[in-house]
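In what follows, every chain begins at residue 1, and chains take the letters A, B, ... in the order their sequences are listed.
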Amino acid sequence: MPDVRSAIEQRLAAAFDAVHAGANPVLRPSDRADLQANGALPLAKVLGRSPAEIARSVVEELDIADLCDEVEVSGNGFINLTLSTGYLAVRLGDLAGDPRLGIEAVATPETIVVDYSAPNVAKEMHVGHLRTTVIGDALARMLTFLGHDVRRENHIGDWGTPFGMLIEHLVDLGEEEGASELSAGDLTGFYQQARASFESDDGFADRSRRRVVLLQSGDDETFRLWRVLVAGSVRYFDTVYSKLGVQLTDDDIVGESYYNDMLAGVVEELEAKGLLVVHDGAKCVFPPGFANRNGDPLPLIVQKSDGGYGYASTDLAAIRHRVLDLGAKRMLYVVGAPQTQHFQMCFAVAAMAGWLTDEAQAIHVSFGNVLGADGRMVASRAGGTITLVGLLDEAVDRAREAIAGRRSADPNNETGSDDDQIATMVGIGAVKYSDLSTDRGRDYVFDWDRMLAFEGNTGPYLQYAYARIRSIFRRGEVSVPAPAAPVLRDPHERALAIALLWLPVALDDTLATYSPHKLCSYLFEVASTFTSFYENCRVLVDDEAQRTSRLILCDLSARVLSLGLSLLGIEVPERM
RNA sequence: GCCCCAGUAGCUCAGCGGAUAGAGCACCGGCCUCCGGAGCCGGUUGCGCAGGUUCGAGUCCUGCCUGGGGCGCCA
């Protein structure tokens, strides 16, 4: 069954079509009614009639009485629609019995690659990895829920010249020692020591350079050592992902090295297609429309003058592989905004090569930086740079303090043995929500106090709204009623009904631009609307019919919040 | 120098070419014998600047200003 907005839009489209073939109803939310159709206004010029007159013609053609109680044309030509309360109630009844809460699985599932997180082997994960990991995971969850065949791909940095020095450092440390250092998370120490040796010790530097050659030529022993490095780092990444609560696993790791065997083929194919130009000894493709600082055409270098391959060739190989071998219809690259031009060039070249088409699209889901309250980098409580793990631990600590503080001030609090779990959900949820709730294109300000506030558009507020609803059932000692259509008598009930029915619409809008903040805004709206309802409509009343009806609204509110947050990768506690 | 992104209330942010630009925080004023006051109701303050397109521009186009980022063998 189509969502409410689509149902209305279909009827409107038919009526507009009768007045002017193919006319768009331009359906929008309204502050004058529930919805408004603005489509008559742009038709005025085309048809040479006044907008209001056209709107009246549309309304005459409109068959919508079962969905709307009121349809009104304003003097300006807006068509204001008031949804039928009976219709809303019936739809809510359907929702009550639907575990998917009105979100239908897509008719034609697509294979969609979501490329996100991408930390580097033997390098610490830092705040810079937060957004790609959190946003990518949220998008992957939403697309999966819609029924798509989602391939999470963690394009880790597991190849390149630094591995010569890293392997030699591993040799010097001893494999066991080195591996445990890596998996325990002392990646910064490992990397910096390797770097220090490389810079201060000529012998070490020579060995490192030879080791790079050995690695690239496929030397067995070198390869084995390389795998030790990678495996140790991956174990560490897993602990971070587990802490963050993202769904990436070892199976999702498809590092740069995975594409090594395909690079020569990519270059050959580009050459065969006549796209290659040798420039200063490097094999290049010049996609049109890109210029350097002198105004000369800017190349994408697919093979360096020394014969080596850079990241452009790896990215091209990944596109080709994902399209031709995996059958990907969409590829989402959840990577920061600074790489916009790189991806534009890669996508342009991939299109020239025929890998990217209308049937197989690559999308750069870019995002801005994370800034501290001072507009600069994020610093820890003690000051100084902060690792991702440190940040997450601090979030949980702060959440624990915040919850304890609230508890001691609230005589009605419910304590329990799972306070650590709650602090984890709230702390991690706060970090993720603050990231997801800002338009990904913008830089956003990382502010502990704001993200952990229990008021406003925050994770804790939404979790609290959920926990509070659950407590109604606990304290009232009532169970969730059997699915049925509620009675919507109070305006607050009606407003809540509309909000609850809007979940599929919010998800559609969110995925249309891969913007999780839209889902966040929606959930905040649901929570606010619920609170207003709860303030104005007593739930645990004696009248059984009314109590049941309102309990259904409560339960649906909790479920919408829970499902919505789970699609963002945020857990909800039963109590706080 | 060229390219990309951003500039909306004191602060943090929404805003799909449509009517009077919205939230939260902060501030001010109300509401408690109330199922969790972590609340509810109301009030104050704004689209960087200048042109243009349009019946209609925060939204699209051009120029400028400010901030951030990028610009050939790193990823």
Side-chain angles (χ1 to χ4, degrees), chain A residues 26-32 36 38-39 41-42 44-45 50-51 74-78 80 118 120 155 157 159-162 256 279-284 286 289-306 308-312 314-315 335-342 344 366 368-369 371 373 375 402 406 409-414 434 437-439 441-445 447 449-451 453-458 460-461 464-465 467-468 471-472 475-476 478 509 512-513 517-518 520-521 524-525 528 531-532 534-541 550 554 575-576:
Chain A
V26 194
L27 184 62
R28 297 283 183 268
S30 177
D31 51 358
R32 313 281 175 106
Q36 62 184 58
N38 305 335
L41 282 76
K45 199 162 193 180
S50 82
S74 81
N76 299 328
F78 298 99
N80 295 324
N120 291 312
H155 194 81
W159 203 252
T161 48
E256 293 166 6
H279 199 264
D280 293 340
K283 291 184 179 171
C284 307
F286 288 89
F290 296 91
N292 67 12
R293 65 188 80 207
N294 299 322
D296 300 324
L298 191 63
L300 191 69
I301 295 173
V302 295
Q303 190 170 13
K304 298 186 283 186
S305 52
D306 66 2
Y309 300 99
Y311 63 109
T314 308
D315 284 335
V335 181
Q339 290 197 49
T340 299
Q341 189 181 48
H342 166 70
Q344 282 175 346
S366 71
N369 298 312
L371 306 177
R406 301 287 181 184
D410 178 3
N412 291 321
N413 79 75
E414 303 171 70
S434 78
S437 60
T438 299
D439 183 312
R442 300 171 54 126
D443 292 347
Y444 93 97
V445 177
D447 182 325
D449 291 335
R450 193 165 343 100
M451 78 176 72
F454 289 70
E455 4 171 86
N457 189 11
T458 69
Y461 174 76
Y464 169 71
R468 193 175 168 197
S471 86
I472 295 167
R475 295 186 180 199
V478 289
D509 289 349
T513 52
H517 80 277
K518 293 184 180 177
C520 294
S521 297
F524 178 59
E525 172 81 24
S528 306
T531 313
S532 186
Y534 192 62
E535 189 77 16
N536 290 281
C537 301
R538 196 168 179 78
V539 172
L540 297 174
V541 291
R550 289 184 172 165
C554 288
R575 53 174 199 85
M576 284 174 75

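Annotation for A:Asp443 and A:Asn369: closest pair OD1-N, 2.7 Å, computed over non-hydrogen atoms. When every heavy atom of A:Gln303 is checked against every heavy atom of A:Tyr309, the shortest pair comes out as NE2-OH, 3.6 Å. For A:Ala312 against A:Ile301, the heavy-atom pair with the smallest separation is CB-O, 3.5 Å.
Atom P of nucleotide B:A19 and atom CG of A:Asp31 are separated by 8 Å, given to the nearest angstrom. Following rounding to the nearest Å, A:Asp439 (CG) and B:G68 (C1') show an atom-to-atom distance of 16 Å. Distance OH (A:Tyr461) to P (B:G37): 12 Å, rounded to an integer number of Å. Nucleotide B:A23 holds its C1' atom 6 Å from the CZ atom of A:Phe524, rounded to whole Å. The nearest whole Å value for the distance from the CD atom in A:Glu455 to the C1' atom in B:C13 is 16 Å. Straight-line distance from the CD atom of A:Gln341 to the C1' atom of B:G72: 10 Å, rounded to whole Å. Summarising the geometry, the separation between OH on A:Tyr534 and P on B:G39 is reported as 14 Å, rounded to the nearest angstrom. One can place CG of A:Leu371 at 15 Å from C1' of B:C11, the figure rounded to the nearest angstrom.
Pairing of B:G22, defined by two Watson-Crick or G-U wobble distances under 3.5 Å, is identified with B:C13. B:G36 is unpaired under the Watson-Crick or G-U wobble criterion, no partner having all donor-acceptor distances under 3.5 Å. Summarising the base pairing, B:G1 is matched to B:C71 through a Watson-Crick or G-U wobble pair whose two defining distances lie under 3.5 Å. Base pairing of B:G58 is not made with any nucleotide, judged by Watson-Crick or G-U wobble geometry with both donor-acceptor distances under 3.5 Å. Across the strands present, B:G29 finds its partner in B:C41; the criterion is a Watson-Crick or G-U wobble pair with both atom distances under 3.5 angstrom. Base pairing analysis places B:C64 opposite B:G48; the two distances defining the Watson-Crick or G-U wobble pair are each below 3.5 Å. B:U53 makes up no base pair with any nucleotide shown, lacking Watson-Crick or G-U wobble contacts both under 3.5 Å.
Closest approach to the A:Arg450 side chain among B:G39, B:U12, B:A19 is made by B:U12 (side chain taken as heavy atoms from C-beta onward). The side chain of A:Gln339 has B:A75 as its nearest neighbour among B:A14, B:C35, B:A75. Nearest nucleotide to the A:Leu41 side chain, out of B:C40, B:U54, B:G18: B:G18. Nearest nucleotide to the side chain of A:Pro299, out of B:G24, B:G72, B:C35: B:G72. Considering only side-chain atoms of A:Pro29, the nucleotide from B:C16, B:C55, B:A75 that sits closest is B:C16. Here B:G15 is the nucleotide among B:G15, B:G18, B:A75 with the atom lying nearest to any side-chain atom of A:His517. Ranking B:G39, B:G18, B:G72 by closeness to the A:Glu535 side chain, first place goes to B:G39. Of the candidates B:G72, B:G70, B:U54, the closest approach to any side-chain atom of A:Leu298 belongs to B:G72. In the set B:C71, B:G36, B:G39, the nucleotide with an atom closest to the side chain of A:Ala467 is B:G36. Here the side chain of A:Phe454 is nearest to one of B:C41, B:A38, B:A23, namely B:A38.
A:Asp449 comes within 4.0 angstrom of no nucleic acid atom, judged by non-hydrogen atoms across all strands. Note on A:Thr314: nothing from the nucleic acid sits closer than 4.0 angstrom, heavy atoms only. Within the 4.0 angstrom heavy-atom criterion, base atoms lie near A:Cys537. Nucleic acid contact class of A:Ala282 (heavy atoms, under 4.0 Å, all strands): base. A:Gly157 comes within 4.0 angstrom of no nucleic acid atom, judged by non-hydrogen atoms across all strands.
Residue A:Tyr311 places none of its side-chain N or O atoms closer than 4.0 Å to OP1 or OP2 of B:C73. At B:C74, one or more side-chain N or O atoms of A:Lys304 fall inside 4.0 Å of OP1 or OP2 (strictly under the cut-off). Not one side-chain nitrogen or oxygen of A:His279 sits closer than 4.0 Å to the OP1 or OP2 atom of B:C73. Between A:Arg442 and the phosphate of B:A14, there is a side-chain N or O to OP1/OP2 separation shorter than 4.0 Å.
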Counting primed atoms plus P, OP1 and OP2 as sugar-phosphate and everything else as base, spell out the protein contacts along nucleotides 56-61 of chain B at 4.0 Å heavy-atom distance: B, S or - for each nucleotide, 5' to 3'.
------

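Taking the six-membered ring where tryptophan is involved, the planes of A:His279 and A:Phe286 are perpendicular, since the angle between them exceeds 60° and thus also 30°.
One can find a donor-acceptor pair under 3.5 Å joining the base of B:G72 and the side-chain atoms of A:Asn292. Residue-to-nucleotide contacts include no donor-acceptor pair under 3.5 Å from the side chain of A:Arg293 to the base of B:C2. Interface remark: the A:Glu525 side chain does not form any donor-acceptor pair with the B:A23 base, using a distance-only criterion of under 3.5 Å. Scanning atom types as modelled, no donor and acceptor separated by under 3.5 angstrom connect the side chain of A:Thr531 and the base of B:G39.
Under the 4.5 Å side-chain criterion, counting only non-hydrogen atoms from C-beta, A:Leu540 is not in contact with A:Arg475. A heavy-atom distance below 4.5 Å is not found between the side chains of A:Thr438 and A:His517. A:Glu455 places none of its side-chain heavy atoms less than 4.5 Å from the side chain of A:Tyr464. With contacts defined as side-chain heavy-atom distances shorter than 4.5 Å, the pair A:Val302/A:Cys284 does not qualify.
Take the nearest nucleotide of RNA chain B for A:Asn369 and for A:Leu27: the residue whose nucleotide is more 5' is A:Leu27. Taking for each of A:Arg468 and A:Pro338 the nucleotide of RNA chain B with the nearest heavy atom, the 5'-most of the two is the partner of A:Arg468.
Once the 5.5 Å centre distance and the 30° plane angle are applied, the aromatic ring of A:Phe78 is found not to be stacked with the base of B:G18.
For the pair A:Ser528 (side chain) and A:Phe524 (backbone), a donor-acceptor distance under 3.5 Å is present.
A:Thr458 OG1 to A:Asp449 CG: the interatomic distance, rounded to the nearest 0.5 Å, is 12.0 Å.
With 3.5 Å as the limit, one finds a donor-acceptor pair spanning the side chains of A:Thr513 and A:Lys518.
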